[in-house]
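Below: one structure, written as structure tokens.
Lettering follows sequence order; numbering is per chain, from 1.
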Amino acid sequence: MHDIKWIRDNADALKAALRSRNWEAGKVEETVGGLLMLDDERRNCIAMAQRGQEERNSLSKQIGQAMKSDPALAEALKARVAQLKDDLAAAEMAEKQAVAALEKELLELPNIPLAEVPPGADEHDNVEQRVVGAKPVFPEGFKPKEHFEIGEAMGLMDFEAAARMSGARFVVLKGQLARMERALGQFMLDLHTDVNGYTEVNPPILVKDEAMYGTAQLPKFQDDQFLALTNEDSLWAFNRAVDTFDSPASSADTDLNILQGRFLKQRRHWLIPTAEVPLTNLVREQILDEKNLPMRVTALTPCFRAEAGSAGRDTRGMIRQHQFSKVELVSITTPEKSLEEHERMTAASEEVLKRLGLHYRVVTLCTGDMGFASQKTYDIEVWLPGQDRFREISSCSVCGEFQARRMNARYRPAEGKGTRFVHTLNGSGVAVGRALVAVLENYQNPDGSVTVPEVLRPYMGGLEKIGGK
RNA sequence: GGAGAGGUGGCAGAGUGGUCGAAUGCGUCGCACUCGAAAUGCGAAGUACGGGCAACCGUACCGGGGGUUCGAAUCCCUCCCUCUCCGCCA
């Protein structure tokens, strides 16, 4: 979320940023102009409400004094405050609405790309930074298979069983393949905790609205999320509404819909689409000491995505699932250190692929392809010989203070007074499901078996090979 | 889920209708004392928003939301969270 004061002074910079993210010119003008108008409105309302409050406070003080010495004067003053009351209530309501209206619009604005981010419309304009390793060499005449062909041939990857119980975009892994998935997750966590200086965290994977707003999955990307609601929740909200309706003890909102909506909103949970959400929200509403920064945390969690906008894409195999495992990296830093940390984090993710002996490249996403909350993003794409192309396996983003503002996450600088917003970074280190895909395709043998990469063997009881005859 | 007790500044912890943004202690920072440190003494310091070039002024904030009142940290309602006991449960 952006500081409206900053927008006031830098409207042109914001407009340029929105255009670089493929917003059409008319919408940009309309949006930014609308924000400035809402802000004027908000400040007018605040000024008006504050004048009323000031007058009320001052009269109330006088009443307190007059009560002791001159009761008649006190009564007269009370009458004056009573006159004020309606105006004041209206002004306070107007202020509340104006603040909420502006906030609602601000939450819809994406982060501003850093100047160094390459301009561009879509993934074709991303800029390759480096290529590491080399394509695996297969015997003459052997055409490498895709991961699902390998897995299904082994009888260890079952999409049909998954579909029977859960529908499309789920998979059942069995035997040594299930074990290899587990091994990959363990290997990554151990690398990040033992070598890369991250602290392992086991966070909730059901989170409240506030957490999802904090990292900016909400409000804009609601359709990508899974929502968790108990039957009890809906019954409870219903009964609450009826009770309140029957005995409106308070003169608060008695509108049934508003009540139900409010209660359900308080009780519902979202399934995390990435551990970025709980890990970053560790610092929500916290004031950290600078000496504890950078804070580096990692977690292996399931991730859930509705994949609402990707019907028909990657329908075969494990590339795009509703549920997948991922090791996530999150860093909380000072503003001065965040870009340096971004490089460090990307290197930490790359190390996973290096040790697995996988061929990959790193690209800088262009302005038009970058995520909503990001200032700058590196994608790591791993080589998949079965598909004969690079596929994203990690995405490392620096978000500046964008998420910190939404979460109100701050730190106290070692020097100087006050607090500043932290900078947040997140990256996959790496997607476990896709890593399994990559291992299967890169380490496959003509006999249908798959060689276990050296670094995974300790996690698989020394096993050197799975499947095959 | 039921019963009870709580939620106050960085932390601990007073305050139960007005002069309370809030005592006190710890911690933090500055100054004095000291060769230096410790101890001691004196002093400073919350966050956000609005106005102002600024000094500064104003407003809000005592878990969240609502209400009563001229006036709420304090009274009432409601939700959330924590603790204790009971119930249920992987």
Side-chain angles (χ1 to χ4, degrees), chain A residues 1 3-6 8 38-89 91-96 98-100 102-103 106 204 207-211 230-233 235-237 239-255 258-269 283-292 404-421:
Chain A
M1 190 163 72
D3 184 1
I4 185 62
K5 280 185 280 194
W6 180 89
R8 229 147 58 200
L38 282 172
D39 183 46
D40 280 343
E41 172 73 12
R42 177 186 66 102
R43 285 190 290 165
N44 281 335
C45 289
I46 287 175
M48 219 182 310
Q50 289 192 351
R51 272 198 300 275
Q53 288 162 337
E54 187 176 354
E55 198 173 344
R56 181 201 59 197
N57 289 348
S58 133
L59 285 172
S60 288
K61 247 174 214 175
Q62 292 175 41
I63 291 172
Q65 283 158 0
M67 301 259 283
K68 291 167 196 156
S69 52
D70 186 351
L73 176 60
E75 286 311 311
L77 289 171
K78 279 189 191 181
R80 275 178 62 193
V81 179
Q83 286 177 348
L84 261 175
K85 257 194 127 176
D86 286 347
D87 287 351
L88 182 56
E92 283 176 341
M93 181 57 72
E95 177 190 341
K96 219 172 253 189
V99 169
L102 178 64
E103 162 109 351
L106 286 175
V207 299
K208 300 197 291 185
D209 277 46
E210 292 89 316
T230 66
N231 189 44
E232 205 67 28
D233 285 339
L235 270 177
W236 181 81
N239 288 330
R240 282 295 320 147
V242 170
D243 289 351
T244 312
F245 185 77
D246 284 347
S247 62
S250 73
S251 51
D253 255 322
T254 47
D255 184 279
I258 291 179
L259 282 166
Q260 281 183 306
R262 183 184 299 154
F263 289 131
L264 280 175
K265 204 168 166 176
Q266 278 170 3
R267 302 215 45 164
R268 68 181 177 182
H269 289 93
V283 299
R284 97 172 273 112
E285 288 166 40
Q286 298 297 301
I287 300 175
L288 308 170
D289 264 336
E290 180 169 359
K291 66 173 189 286
N292 294 328
R405 282 184 172 279
R406 289 170 164 248
M407 296 187 300
N408 198 20
R410 293 162 295 164
Y411 77 100
R412 228 174 264 291
E415 314 254 311
K417 318 199 287 180
T419 56
R420 301 173 75 195
F421 287 111

Does A:Arg412 have a side-chain nitrogen or oxygen under 4.0 Å from the phosphate oxygens OP1 or OP2 of B:G46?
-> no

Taking atom C1' in both B:U74 and B:G58, compute the distance separating them and give it to the nearest angstrom.
-> 25 Å

Could you give the distance separating B:C86 and B:A14 at their C1' atoms, to the nearest angstrom?
-> 33 Å

A:Thr419, nearest nucleotide to its side chain (from B:U59, B:A48, B:C70) = B:A48

Approximate separation, where rounding is to 0.5 Å, of A:Leu88 CG and A:Met48 CE | 11.5 Å

Report the distance from atom CZ of A:Arg420 to atom P of B:A48, rounded to the nearest whole Å.
-> 13 Å

Mind checking the CG-CZ spacing from A:Asp87 to A:Arg51? Nearest 0.5 Å is all I need.
-> 11.5 Å

Starting at CG of A:Asn44 and ending at C1' of B:U59, how long is that distance when rounded to a whole Å?
-> 16 Å

Separation of A:Glu285 atom CD from B:C61 atom C1', in whole Å?
-> 14 Å

To the nearest 0.5 Å, how far apart are CG in A:Leu73 and CD in A:Gln62?
-> 7.5 Å

Pairwise distance CG(A:Leu59) to NZ(A:Lys78) - rounded to 0.5 angstrom | 13.0 Å

Kindly point out which of B:C70, B:U59, B:G51 is positioned nearest to the side chain of A:Ser60?
-> B:C70

How would you label the contact of A:Arg51 with the nucleic acid (heavy atoms, under 4.0 Å): base, sugar-phosphate, or nothing?
-> nothing

Base-pairing mate for B:U47 - Watson-Crick or G-U, with both contacts under 3.5 Å | B:A60

Does B:G10 have OP1 or OP2 sitting under 4.0 Å from an N or O in the side chain of A:Lys291?
-> no

With heavy atoms under 4.0 Å as the rule, sort A:Ile46 into base, sugar-phosphate or nothing.
-> sugar-phosphate

Using the P atom in both, what is the distance from B:G15 to B:C75, to the nearest Å?
-> 12 Å

Between B:C61 (P) and A:Gln50 (CD): distance, integer Å = 12 Å

Using the C1' atom as the reference point in each nucleotide, state the distance between B:A44 and B:C49 in Å, no decimals.
-> 24 Å

Between atom OG of A:Ser60 and atom CD of A:Glu55, what is the distance when rounded to the nearest 0.5 Å?
-> 10.5 Å

With the side chain of A:Ile63 defined as its heavy atoms from C-beta on, choose the nearest nucleotide among B:G51, B:G18, B:U69.
-> B:G18

Quiz item: A:Glu54 side-chain donor-acceptor pair to B:G58 base, under 3.5 Å = no

Is the distance from OP1 or OP2 of B:G50 to the nearest side-chain N or O of A:Lys5 less than 4.0 Å?
-> yes

Tell me whether the OP1 or OP2 atom of B:G71 has a side-chain N or O from A:Asn57 closer than 4.0 Å.
-> no

Side chain to side chain donor-acceptor pair (under 3.5 Å) assessment of A:Glu95 paired with A:Gln50 | CA-CA 10 Å; A:Glu95 177 190 341; A:Gln50 289 192 351; 5.8 Å; no

Might you confirm whether atom CZ of A:Arg80 has over 12 heavy atoms from other residues, nucleotides or ligands at distances under 6.0 Å?
-> no

Rounded interatomic separation in angstrom, taking CE from A:Met48 and P from B:G51 = 13 Å

Can you tell me how far C1' in B:A22 sits from the matching atom in B:U16, rounded to whole Å?
-> 14 Å

Write down the partner of B:G1 under the Watson-Crick or G-U wobble criteria, each distance required to be under 3.5 Å.
-> B:C86

For A:Arg8 and for A:Gln53, find the nucleotide of RNA chain B with the closest heavy atom, then tell me which residue's nucleotide is more 5'.
-> A:Arg8

Watson-Crick or G-U counterpart of B:U69, or none if no pair lies under 3.5 Å | none

Counting any heavy atom closer than 4.0 Å, what does A:Asp289 reach on the DNA or RNA strands: base, sugar-phosphate only, or nothing?
-> nothing

To the nearest angstrom, the CG-P distance between A:Leu84 and B:U59 comes to 14 Å

B:A55 and B:U47, which share atom name P, separated by this distance in whole Å = 15 Å

Distance, C1' atom - from B:C20 to B:A37, rounded to whole angstrom = 40 Å

In terms of side-chain heavy atoms of A:Arg410, which of B:G18, B:U47, B:A60 is nearest?
-> B:U47

C1'-based separation of B:U84 from B:C11 [nearest Å] = 24 Å

Would you kindly give the CD-to-P distance between A:Gln65 and B:C70, to the nearest whole Å?
-> 18 Å

Mind checking who B:G10 pairs with, Watson-Crick or G-U wobble, both distances under 3.5 Å?
-> B:C26

Could you tell me whether A:Arg80 contacts a base, only the sugar-phosphate backbone, or nothing, with contacts defined as non-hydrogen atoms closer than 4.0 Å?
-> nothing

For A:Arg412, which of A:Leu288, A:Asp289, A:Asn292 qualifies under side chain to side chain contact (heavy atoms under 4.5 Å, CB included)?
-> A:Asp289

Just name whichever nucleotide pairs with B:A39, Watson-Crick or G-U, keeping both distances under 3.5 Å, else none.
-> none

Any-strand Watson-Crick or G-U partner of B:C20, both distances under 3.5 Å = none

Quick one: on RNA chain B, does A:Ile287 or A:Asn408 contact a more 5' nucleotide (nearest heavy atom)?
-> A:Ile287

Whole Å only: how far is the CD atom of A:Gln286 from the C1' atom of B:U47?
-> 15 Å

